[in-house]
Protein chains: 2
Amino acid sequence: MSIANPSTSEDLGSAAQRERRKRILDATYDLATSGGFDAVQMRAVAERADVALGTLYRYFPSKIHLLVSALGRQFEDASARLNEREIPGDTQAERVLYVLKRMARGMQGDPKLTEALTRAFMFADSSVSNEIHVVGMAMTTIVTHAMHGGTPDEGAITEDDVAIARVIGDVWLSALVAWVTGRSTAEETAAHMEKAVHLILRD
Amino acid sequence: MSIANPSTSEDLGSAAQRERRKRILDATYDLATSGGFDAVQMRAVAERADVALGTLYRYFPSKIHLLVSALGRQFEDASARLNEREIPGDTQAERVLYVLKRMARGMQGDPKLTEALTRAFMFADSSVSNEIHVVGMAMTTIVTHAMHGGTPDEGAITEDDVAIARVIGDVWLSALVAWVTGRSTAEETAAHMEKAVHLILRD
DNA sequence: GCATAATTTGGAACACGTTCCACTACGTTC
DNA sequence: GAACGTAGTGGAACGTGTTCCAAATTATGC
């Protein structure tokens, strides 16, 4: 068995396997974008990725793993894009809100996709902890990076910074869930985040 | 149709109906307590509550509604119990942490039950918003009550108080999800909450 | 190139949430 | 107490996540 757990392993296997994995994630993405969580049906993903159902399950042991992996890829992309530039804003709160709003805008542009990924994230159990960890790290990195102004070495990141970033991440996640599940509007979510960030980061 | 939506309506119908509803929620409770989310199977709930499957669905239109209703009952009980007494602690942070720890202890004593209810809460969509609202209100009330020291009229509750309580509720929910899904231990959760509350409530 | 192992395939089968339906029991109205 | 409408019953059936398996295909070591 050369690939014990293709979804998280560093060793991504042969080119054909990497290609299959990408096709699967792309299919997941497409289906989630057009129809949300319910539209990501394992048979549909397999068919669109041109892969047998059994193969799909060999690469991703459950629908949740699949979606959380897709979420991880998206977050890592976003994190990479945000972290290579300076963040505008004079205070920590302003900068953090800047990146949060930016991410929110991106997510609101793809509500179905966001719904699918968020649902999966919230439903994941410990068997998905590796994939979850990727998302959590990306989130924390984004926030601490913004706190520090976007310049790579403008002061080391302290434990306190990380704690703060995690709290903000928590609020953000709860707000996201409320929005995704239709319990609050985009405006309410934005206002709530603004309030929370100012509460936590009183520069 | 005398009961349009028995799970949220004020009018709870005849005594027999109230009795059935209680039996269903009790069965849900028992199954969730012993086996968590997965053990709450609609056929099993129906059988244990001595009710036909169709009847179960008439009272609660989905498994999620059922579990969130159960969560609502639990939260309202907890809220009522907490709100009729004074909360010890000299600062807002201390008092809030007191109630949070108290609730955490209760939940950790019934991990499977907590897992089932939290999962359902996180998975609920807008069709469950009534039931969700009950839980959210109870949570906010518990926190604002603690902030104000537990004496009923020791200062009115301001909008700001509610905003703070909601933020704390958000962090608490995220922490709960992380704990429930086995991604963090009870100790980590407690430490994180402590940090967050002190960050938000610097008396 | 062959033998062997690993992977993929196609599809059947199972579990559980949900829907549906024909039938029965109950309670309300006159 | 007869007729009617509402609620409850028992159970079949469907959809989708998941598991399983035998056969076909591909990769690997010699």
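The figures here come from the full heavy-atom set of this structure, side chains too, leaving out hydrogens, waters and symmetry mates.
Under a 3.5 Å cut-off, the side chain of E115(A) and the backbone N or O of F37(A) do form a donor-acceptor pair. Side-chain atoms of T118(B) come within 3.5 Å of backbone N or O of T114(B) as a donor-acceptor pair. Proximity of a side-chain donor or acceptor of D26(B) to a complementary backbone N or O of R23(B) within less than 3.5 Å is not detected. A donor-acceptor pair under 3.5 Å is absent between the side-chain atoms of H145(B) and the main chain of I87(B), judged by distance alone.
Rounded to whole angstrom, the span from the CZ atom of F60(B) across to the P atom of dT19(C) amounts to 16 Å. What separates CD1 of I24(A) from P of dT7(C) is a distance of 14 Å, to the nearest Å. Taking atom CZ of R58(A) as the reference point, atom P of dT18(D) lies 17 Å away to the nearest angstrom. Atom CG in L66(A) sits about 10 Å away from atom P in dG17(D), given to the nearest Å. When rounded to the nearest whole Å, the span between CG of L56(A) and C1' of dT16(D) equals 13 Å. Counting to the nearest Å, the P atom of dG8(D) and the CZ atom of R18(B) are 13 Å from each other. Protein atom CG of L31(A) is 11 Å distant from nucleotide atom P of dG17(D), rounded to whole Å. Across the protein-nucleic acid pair, Q41(B) atom CD and dC14(C) atom P stand 17 Å apart, rounded to whole Å.
Within a 6.0 Å radius of CD in E188(A), more than 12 heavy atoms belonging to other residues, nucleotides or ligands are found.
Nearest-nucleotide positions on DNA chain D for D38(A) and R23(B) put R23(B) closer to the 5' end. The 5' end of DNA chain D is approached more closely, in terms of each residue's nearest nucleotide, by L53(B) than by the other of L53(B) and S62(A).
Backbone-only contact: V40(A) has heavy atoms under 4.0 Å from sugar-phosphate atoms and none from a base.
Contact of R43(A) with dG17(D) (side chain to base): a donor-acceptor pair of N or O atoms is detected under 3.5 Å. For dG8(D), the base has no donor-acceptor partner in the side chain of R20(B) [N/O atoms by modelled type, under 3.5 angstrom].
Closest to the Q17(B) side chain, of the nucleotides dA7(D), dT9(D), dG17(C), is dA7(D). Checking dG17(D), dT9(C), dG8(D) against the side-chain heavy atoms of V51(A) singles out dT9(C) as nearest. Here the nucleotide nearest the side chain of Y57(A), chosen from dG8(D), dG10(C), dG17(D), is dG17(D). Here the side chain of T55(A) is nearest to one of dT9(D), dT7(C), dT9(C), namely dT9(C).
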